[in-house]
Amino acid sequence: MIETLDDLDVEGTTVGVRVDINSPIGDDGSLADDARLQAHVDTLSELLDRGGRVAVLAHQGRPGSDDFTGLETHAAHLSDLLERPVGYADVTFSDAARETVSSLENGECVVLENTRFYSEEYMEFEPERAAQTHLVEGLSTVLDAYVNDAFAAAHRSQPSLVGFPAVLPSYAGRVMEAELDVLGSIEETTEPRVYMLGGAKVSDSIDVAWSVLEKDLADHVLTAGVVGNVFLIADGVDLGDESSDFIYDQGYWDEIDRARDLLDAYGERIALPRDVAISRDEQRYELGINALPPQDDEGALDIGSSTLAYYERLLEDAETVILNGPAGVFEDDQFQTGTRGVYEAATDVETSIVGGGDTASALRSLGIDGFSHVSTGGGAALRMLTAEPLPAVSALENSRERASE
Ligand SMILES: Nc1ncnc2c1ncn2[C@@H]1O[C@H](COP(=O)(O)OP(=O)(O)OP(=O)(O)O)[C@@H](O)[C@H]1O
Ligand SMILES: O=C(O)[C@H](O)COP(=O)(O)O
C-alpha cells in the first residue's frame with residue numbers, strides 16, 4: 001500500500017511535488033498541449049488549499065531535443081490553471097533554490113527549473129544511490145515531505161522520481177493514485193477484453209501482447225500501425241521495401257521473430273490487418289493483403305477499410321478495450337481514417353482505457369473523446385500493462401515500509 005494525500009498533514013508543510021508536465025512545444029516555444037498540466041491541477045490545488053508550501057519538480061524534453069526547454073512558460077500556465085500566483089525559479093537545488101523554497105508561505109507555490117538541466121537526472125539509479133545525488137541531497141534539506149504525482153514518468157528510476165522517498169516521508173498524488181487504481185486493476189474489468197496495439201513502439205507493444213496473451217487477459221489483440229506491419233511481415237506478407245526498410249531502420253527487425261513466435265503460440269487471438277492504405281499519386285489508395293507488395297513499394301501508412309470493419313466487429317462484442325498507439329500516420333489527414341475509426345468504435349465499448357502520452361494528444365487533436373480513462377502516461381502505461389513494476393511506484397511503496405519499521 002502506498003500512502004496518499006489523505007495520509008499527509010499538509011498545513012505548514014513544505015512539500016516537493018514531482019509532476020509530469022512534459023508537453024509538446026510549438027515552434028514559438030509555447031505549450032502545444034496543456035493536458036498534462038491540467039491533470040495535476042487537483043493535486044496542486046488540494047495541497048495549496050490545505051496550507052501546504054509547494055515546490056514543483058518536473059522535466060521537459062530530453063537533452064539535445066528541440067523540446068528541451070526551461071519551465072517558465074509551464075509555471076505561467078499553471079498559474080492560470082490554478083487561478084493563483086505560481087512562482088518560477090531558474091534553479092533546482094542550489095543555495096538560491098533552497099532559499100526560494102524556504103521562504104514559501106502556507107498556500108504558496110514555486111516551479112523549480114527543469115530537473116534534466118542537471119546531468120544526474122538523466123541517469124537511472126537505485127533509490128539509495130539516487131538519494132545521494134546533488135538534487136536530492138540538496139533539496140531534501142528544505143523539504144518536509146515528497147509527493148509523486150508524475151505517473152507518466154514512473155517507469156524511469158531518475159533521482160527526482162526515486163531518490164526522495166529514500167529520505168523523506170512520501171506520498172502518491174491524485175493523478176498517481178487514479179492511474180494506479182485503473183491500470184492496476186485491469187484484470188478485474190469485464191470480459192471479453194480486447195487490446196489494440198498500434199503506433200511505433202514495437203518492442204514495448206510485443207511485450208504487452210506476450211504478457212496479456214500468456215496471462216489470458218486478452219480475448220483478442222488487434223494490431224495496427226507499425227506494430228501491425230511487423231506482424232504482417234512475421235505472417236509472411238511482403239509489405240514492400242519502404243515499410244520493411246522503415247522497420248529495419250527503427251531497429252525493430254528482430255521483433256519480427258518475436259511476433260512470429262507470438263503468432264505460433266496465440267495466433268487465433270491475434271488480429272492482423274486485412275488491407276493497408278498507401279500513398280499513390282499523393283492519394284490514399286487501399287490494397288488487400290493479397291495485392292501486396294505495392295507496385296512501387298509504397299509504405300503501408302494506415303489500416304484499410306476492411307480491417308477497420310473487422311476491428312469494429314470485434315469491438316462490438318467487447319466489454320473492455322485497452323488501446324495504445326495510433327492505427328496509422330494520423331498526422332496526415334489521408335491516413336487518419338484507421339485511428340479515427342478504431343478509437344471512435346472504442347468509445348462505444350463499456351470500459352475503454354487509453355494508454356496516453358502522444359496518443360492522448362492525438363485524440364484531442366482529432367476531437368475524439370468519451371473514453372472511460374485516458375492515461376497521462378505513454379511508456380509508463382505500457383509498462384503497467386505488462387504488470388512490470390514501475391520504479392517510482394516501488395520507491396513510494398518502500399518509503400512506507402521504511403516509515404513503519
Ligand atoms: N504504418 C505506419 N508507418 C509509419 N509510422 C506510423 C504508422 N502508424 C503509425 N505511425 C507513427 O507512429 C507514431 C506514434 O507511435 P508511438 O508508438 O510513439 O505512439 P505514441 O502515441 O507516441 O505513444 P505514446 O502514447 O505511448 O506516447 C506516429 O507518429 C505515427 O505517425
Ligand atoms: O513523456 C513521457 O513519456 C514521460 O514524460 C517520460 O519522458 P521520457 O520518455 O523522456 O523519460
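For clarity, every value in this text was computed on a predicted model and none was experimentally measured. Order of appearance sets the numbers: ligands from 1, and atoms from 1 within every ligand.
In terms of protein heavy-atom proximity, atom 10 (O) of ligand 2 is closest to Arg62 NE, 2.7 Å. Looking at atom 11 (O) of ligand 2, its nearest protein heavy atom turns out to be Arg156 NE, 2.6 Å. Looking at atom 1 (O) of ligand 2, its nearest protein heavy atom turns out to be Arg36 NH1, 3.0 Å. If you check which protein heavy atom lies closest to atom 7 (O) of ligand 2, you get His59 NE2, 3.5 Å. Distance from atom 5 (O) of ligand 2 to its nearest protein heavy atom, with residue and atom name: Asp20 OD2, 2.6 Å.
Between Gln60 and ligand 2 there is no heavy-atom distance shorter than 4.0 Å. Heavy-atom distances between Ala152 and ligand 2 reach below 4.0 Å in at least one pair.
With respect to the salt-bridge test (charged N to carboxylate O, under 4.0 angstrom), the residues Arg284 and Asp333 do not qualify. Using a cutoff of 4.0 Å between basic side-chain nitrogens and carboxylate oxygens, Asp207 and Lys201 are not scored as salt-bridged. A salt bridge does not link Arg258 with Asp261: none of the charged nitrogens is closer than 4.0 Å to a carboxylate oxygen. Ion pairing between Glu177 and Arg174 holds under the 4.0 Å rule for side-chain N and carboxylate O.
Residue Asn22 has at least one nitrogen or oxygen atom sitting less than 3.5 Å from a nitrogen or oxygen atom of ligand 2, judged on distance alone.
Contact residues of ligand 1 (protein heavy atom closer than 4.0 angstrom to a ligand atom; sorted by chain and number): Gly199, Ala200, Lys201, Gly225, Val226, Asn229, Phe246, Ala300, Leu301, Asn324, Pro326, Gly328, Val329, Phe330, Glu331, Gly356, Gly357, Asp358, Thr359, Gly378.
For Asp369, the side chain to side chain donor-acceptor pair (under 3.5 Å) test picks out no residue, with sequence neighbours left out.
Looking at Glu124 against ligand 2, nothing comes within 4.0 Å, counting heavy atoms.
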